[in-house]
Amino acid sequence: MHNIKSIRENPDLYKKKLDDRNLKVDLNDLLELDKKNREIIQKKEKFEQERKTISKKKDQTQFNKSKEISKEIKLLEENQEELKKKISKILNFLPNIALDDVPTGKDEKSNKELTKVGEVPKFKFEPKSHYEIGKKMNLMDFDTATKTSGSRFVFLKGNLARLERAISDFMLDTHTIKFGYQEISPPLLALEETMFGTGQLPKFESDQFEIKLDEEKTRKFLIPTAEVILTNMVREKSLTKEELPLRLVASTSCFRKEAGSYGKDTKGMLRQHQFYKVELVSIVEPKKCNEELKRMTSCAEHILKELKLPYRSVILSTGDMGFSAEKTIDLEVWIPSENKYREISSCSSCGQFQSRRMKAKYKNDKQSDFLGTLNGSGLAIGRTLIAIMENYQNSDGSIVIPKVLRPYMNNLEKI
């Protein structure tokens with residue numbers, strides 16, 4: 001969420017930055033509401049001062065006047081409450097604005113490649129897709145999942161299920177032991193205000209799975225990513241500078257309707273309603289967000305390097321970034337069957353955008369300020385499994401297990 005004062009003081013900057021994000025919004029409406037709100041505040045303060053003066057005099061003849069002033073104040077408060085709702089409604093739908101070094105563009109076509117790491121494998125045979133390999137092994141079952149749960153679900157069996165678990169364990173061990181993240185096992189349900197805090201609501205409600213509980217009026221949602229629940233651990237809190245940086249990691253199921261992706265990636269595991277992901281979250285001083293984004297991205301990259309998977313890093317354009325992000329670096333892994341790179345991690349700095357929505361602050365030299373928040377995949381487990389299956393496949397349909405994962409697979413060398 002944006003600071004209305006900042007928009008008031010820099011209207012042209014915000015208009016340009018929101019235009020860069022392909023959002024056509026008339027800020028004049030917002031600023032007019034803000035002006036009316038400030039006028040009401042001034043009137044209310046004037047009435048309150050007058051009432052205070054009358055009270056000090058203790059003159060009974062002024063009793064009726066004091067009563068009338070109280071009525072006026074109440075009416076102003078009611079008007080102000082309506083104005084605040086209108087202001088919030090506009091602010092809640094405005095995305096974060098991009099940092100100056102983010103490329104301007106309408107969509108992913110304007111993204112810029114930063115690095116390319118590893119050699120793309122050259123097969124002496126026609127490489128198969130992960131779902132062809134999995135089906136041939138009888139270890140990946142989409143048909144039964146469709147019968148039990150509907151489309152975009154899968155059953156993994158035997159050593160393929162074991163490999164999925166090994167990937168998760170390897171990532172968690174790496175991020176906790178090597179990089180100092182604190183492991184969290186969080187709830188998978190989030191309250192409406194929790195989803196609002198990280199920007200999933202109200203704008204992206206159509207993409208969320210809501211849970212209906214007859215005995216409760218409180219709205220609850222399945223988490224679309226552990227970012228939601230981990231970041232909100234500091235909601236309505238005030239941390240000390242000494243508690244920062246706070247680095248958290250969790251491996252969880254994630255749930256998304258994929259409402260805007262009808263017809264995309266319908267085959268295989270690339271775009272599922274339920275998937276597993278290791279998520280990294282950092283809570284830092286705002287001035288250290290850019291430095292922390294570099295660190296977080298390098299942590300995610302380390303996993304790909306250890307798995308010896310070819311990948312590239314890309315900075316997203318203003319038109320391709322997520323709602324809450326001010327800057328995003330994507331890592332894209334090579335998928336042989338598609339002959340292209342596909343996203344496997346997205347690391348974003350959100351600046352103070354989410355912390356304003358969550359009312360999450362920290363104290364620095366007796367002053368209070370909103371925290372800086374970051375999140376990133378470290379990595380998406382399903383897509384890592386896909387990348388391993390396809391990049392490590394053999395002509396006979398078997399899969400070589402990357403060396404770093406073998407200790408998690410009882411030293412099994414291939415499936």
Open item on the list: For Gly382 versus Met269, what's the shortest heavy-atom pair and its separation?
Closed with: CA-CE, 4.0 Å
Within the side chain of [X], is there an N or O that forms a donor-acceptor pair under 3.5 Å with the backbone of [Y]?
X      : Y      : value
Gln354 : Thr198 : yes
Glu279 : Ala226 : no
Thr373 : Cys350 : no
Lys203 : Gly199 : no
Gln208 : Glu205 : no
Thr318 : Asp20  : yes

So, [X] and [Y]: side-chain donor and acceptor under 3.5 Å apart, yes or no?
X      : Y      : value
Asp330 : Ser346 : yes
Ser298 : Glu301 : no
Ser355 : Gln352 : no
Ser395 : Lys124 : no
Thr115 : Ser313 : yes

- [ ] Please test Phe142 against Tyr131 for ring pair (Phe, Tyr, Trp, His ring centres under 6.0 Å), starting from the C-alpha separation and ending with a verdict.
- [x] CA-CA 9 Å; Phe142 292 97; Tyr131 48 88; 7.0 Å; no
Open item on the list: Here's one to test your reading of the geometry: is the NZ or CZ of Arg357 within 45 degrees of the ring axis of Phe196 and under 6.0 Å from its centre?
Closed with: yes
Open item on the list: Is the shortest side-chain heavy-atom distance between Glu164 and Ile381 below 4.5 Å?
Closed with: yes
TODO: May I ask you to test the Cys289-Leu374 pair for a side-chain heavy-atom distance under 4.5 Å?
DONE: yes
Task: By salt bridge (charged side-chain N to carboxylate O under 4.0 Å, His left out) - contacts of Asp34 (at least two apart) - done: Arg8, Arg38
Check this for me, if you would: do [X] and [Y] make a salt bridge, where the nitrogen-to-carboxylate-oxygen distance has to be below 4.0 angstrom?
X      : Y      : value
Lys288 : Glu285 : yes
Glu292 : Arg247 : yes
Asp143 : Lys147 : no
Asp100 : Lys17  : yes

Open item on the list: Is there a side chain to side chain contact (heavy atoms under 4.5 Å, CB included) between Glu108 and Ser317? Walk through the geometry before answering.
Closed with: CA-CA 7 Å; Glu108 69 276 1; Ser317 73; over 6 Å; no
Task: For Lys128, all residues meeting side chain to side chain donor-acceptor pair (under 3.5 Å), sequence neighbours excluded - done: none
Task: Criterion side chain to side chain contact (heavy atoms under 4.5 Å, CB included) on Lys86 and Ile90, from CA distance to verdict - done: CA-CA 7 Å; Lys86 290 178 181 178; Ile90 297 173; 5.8 Å; no
Task: Mutual orientation of the aromatic rings belonging to Phe353 and His2 [parallel < 30°, tilted 30-60°, perpendicular > 60°] - done: perpendicular
